[in-house]
Amino acid sequence: NWEPTERCVLTYLFDDGKVLLIEKKRGMGTGYINAPGGHIELEETKKEAAIRETKEETGLDVSDLEEMGTLYFQFKDGIRMLGYVFFAHSYSGTMIEECEETKPFWCEVSKLDYSRMWEDDILWLPLALDGRKFEGYFLFDGNKLLDSKVVVVEEDE
């Protein structure tokens, strides 16, 4: 009977062996590195939110999004967050240097620094980077991961 209190998206944009990431400057996850993303507004789809949030946080317009996974976060303070992970390989526009909330930057995929990310990322992001779709279930107390389960989702043939 788990129902989310919040719904959000993350969008990983790839170009020539690099991935676009952001350094979070305020809000949940301040100081962490993550993909561009944020909350899904009531009137938009998850894909529309992924496109909007990427534009707001990086200045880039992404297209041809592929949904790679679903994240279920339960926080001990009562927040229940449902997240959708997208991958994109097409974009246009000019990247901004930073905004109030984030500072975007390109990173070699082979040099991802999981020590600067949320603790759960290392449990599912490598699967997604390997082209495998997934579902992840996580229990957090603040920023501390207490329990997790990640399953690979086999696509119907």
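Atom set for the values below is all heavy atoms of this structure, side chains included, hydrogens, waters and symmetry mates excluded.
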Going from [atom1] on [X] to [atom2] on [Y], what distance comes out if it is rounded to the nearest 0.5 angstrom?
X: Thr5; Y: Phe73; atom1: OG1; atom2: CZ; result: 12.0 Å
X: Ile122; Y: Ser148; atom1: CD1; atom2: OG; result: 11.5 Å
X: Thr54; Y: Leu20; atom1: OG1; atom2: CG; result: 8.0 Å
X: Glu23; Y: Thr30; atom1: CD; atom2: OG1; result: 10.0 Å

Donor-acceptor pairs are to be reported for all side-chain atoms of residues 125-133 against protein atoms at under 3.5 Å, with residues two or more places apart or in another chain.
| residue | atom | partner | partner atom | Å |
| --- | --- | --- | --- | --- |
| Lys133 | NZ | Glu66 | OE2 | 3.3 |
| Lys133 | NZ | Glu67 | O | 3.0 |

On a heavy-atom basis, which atom in [X] and which in [Y] lie closest, and how many Å separate them?
X: Leu65; Y: Ala88; result: CG-CB, 4.3 Å
X: Cys107; Y: Lys111; result: SG-O, 3.9 Å
X: Trp106; Y: Leu13; result: CZ3-O, 3.7 Å
X: Arg116; Y: Gly31; result: NH2-O, 4.3 Å
X: Asp64; Y: Ser90; result: OD2-OG, 3.3 Å

**Prompt:** When you check the side-chain N and O atoms of Glu135 and Tyr137, is any donor under 3.5 Å from an acceptor?
**Reply:**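 Tyr137 and Glu135 do have a side-chain donor-acceptor pair below 3.5 Å.
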Exceeds 12 heavy-atom contacts within 6.0 angstrom, atom [atom1] of [X]:
X: Asp113; atom1: CG; result: yes
X: Glu97; atom1: CD; result: no
X: Lys25; atom1: NZ; result: yes

If two hydrophobic side chains count as joined below 4.5 Å and joins carry through other members, does [X] share a cluster with [Y]?
X: Phe86; Y: Met95; value: yes
X: Leu123; Y: Tyr12; value: yes
X: Val9; Y: Phe75; value: no
X: Phe138; Y: Met28; value: yes
X: Ile40; Y: Met68; value: no

- prompt: Would Phe140 and Ile79 satisfy side-chain contact (heavy atoms from CB on, under 4.5 Å), going step by step from the backbone distance to the final call?
  reply: CA-CA 10 Å; Phe140 275 90; Ile79 294 173; over 6 Å; no
N-O pairing of [X] and [Y] below 4.0 Å:
X: Lys144; Y: Glu119; value: yes
X: Lys24; Y: Glu101; value: yes
X: Glu48; Y: Arg52; value: no

From CA spacing to verdict: side-chain contact (heavy atoms from CB on, under 4.5 Å), Cys8, Met81:
CA-CA 7 Å; Cys8 61; Met81 191 175 297; 3.5 Å; yes
ask   = Does Ser63 offer a backbone N or O that forms a donor-acceptor pair with the side chain of Asp61 under 3.5 Å?
value =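 Between the backbone of Ser63 and the side chain of Asp61 there is no qualifying donor-acceptor contact (under 3.5 Å).
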### Task
For the residue pair Tyr91 and Thr58, establish whether any side-chain heavy-atom pair is separated by less than 4.5 Å.
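Tyr91 vs Thr58: side chains apart.
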**Prompt:** Would a 4.5 Å heavy-atom cut-off, applied to side chains only, mark Tyr114 and Ile33 as touching?
**Reply:**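 Side chain of Tyr114 against side chain of Ile33, heavy atoms only: no contact under 4.5 Å found.
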* Residues Tyr84, Thr70; criterion side-chain contact (heavy atoms from CB on, under 4.5 Å); working and verdict -> CA-CA 5 Å; Tyr84 302 97; Thr70 307; 4.3 Å; yes
*Let me see the working for Leu10 and Leu71 under side-chain contact (heavy atoms from CB on, under 4.5 Å), right down to the final yes or no.*
CA-CA 10 Å; Leu10 291 171; Leu71 303 167; 4.2 Å; yes
- prompt: What residue among Leu146, Asp120, Leu145 forms side-chain contact (heavy atoms from CB on, under 4.5 Å) with Leu139?
  reply: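 When side-chain contact (heavy atoms from CB on, under 4.5 Å) is applied between Leu139 and each of Leu146, Asp120, Leu145, only Leu146 qualifies.
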### Query
What pairs meet the ring pair (Phe, Tyr, Trp, His ring centres under 6.0 Å) rule with one or both residues in residues 17-49, with sequence neighbours excluded?
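Listed by first then second residue: Tyr32-Trp118.
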* Asked: Taking Arg26 as the fixed residue, which of Glu57, Glu100, Glu98 is the one that meets the salt bridge (charged side-chain N to carboxylate O under 4.0 Å, His left out) rule?
  ->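 Going through the options one by one, the only one that passes is Glu100.
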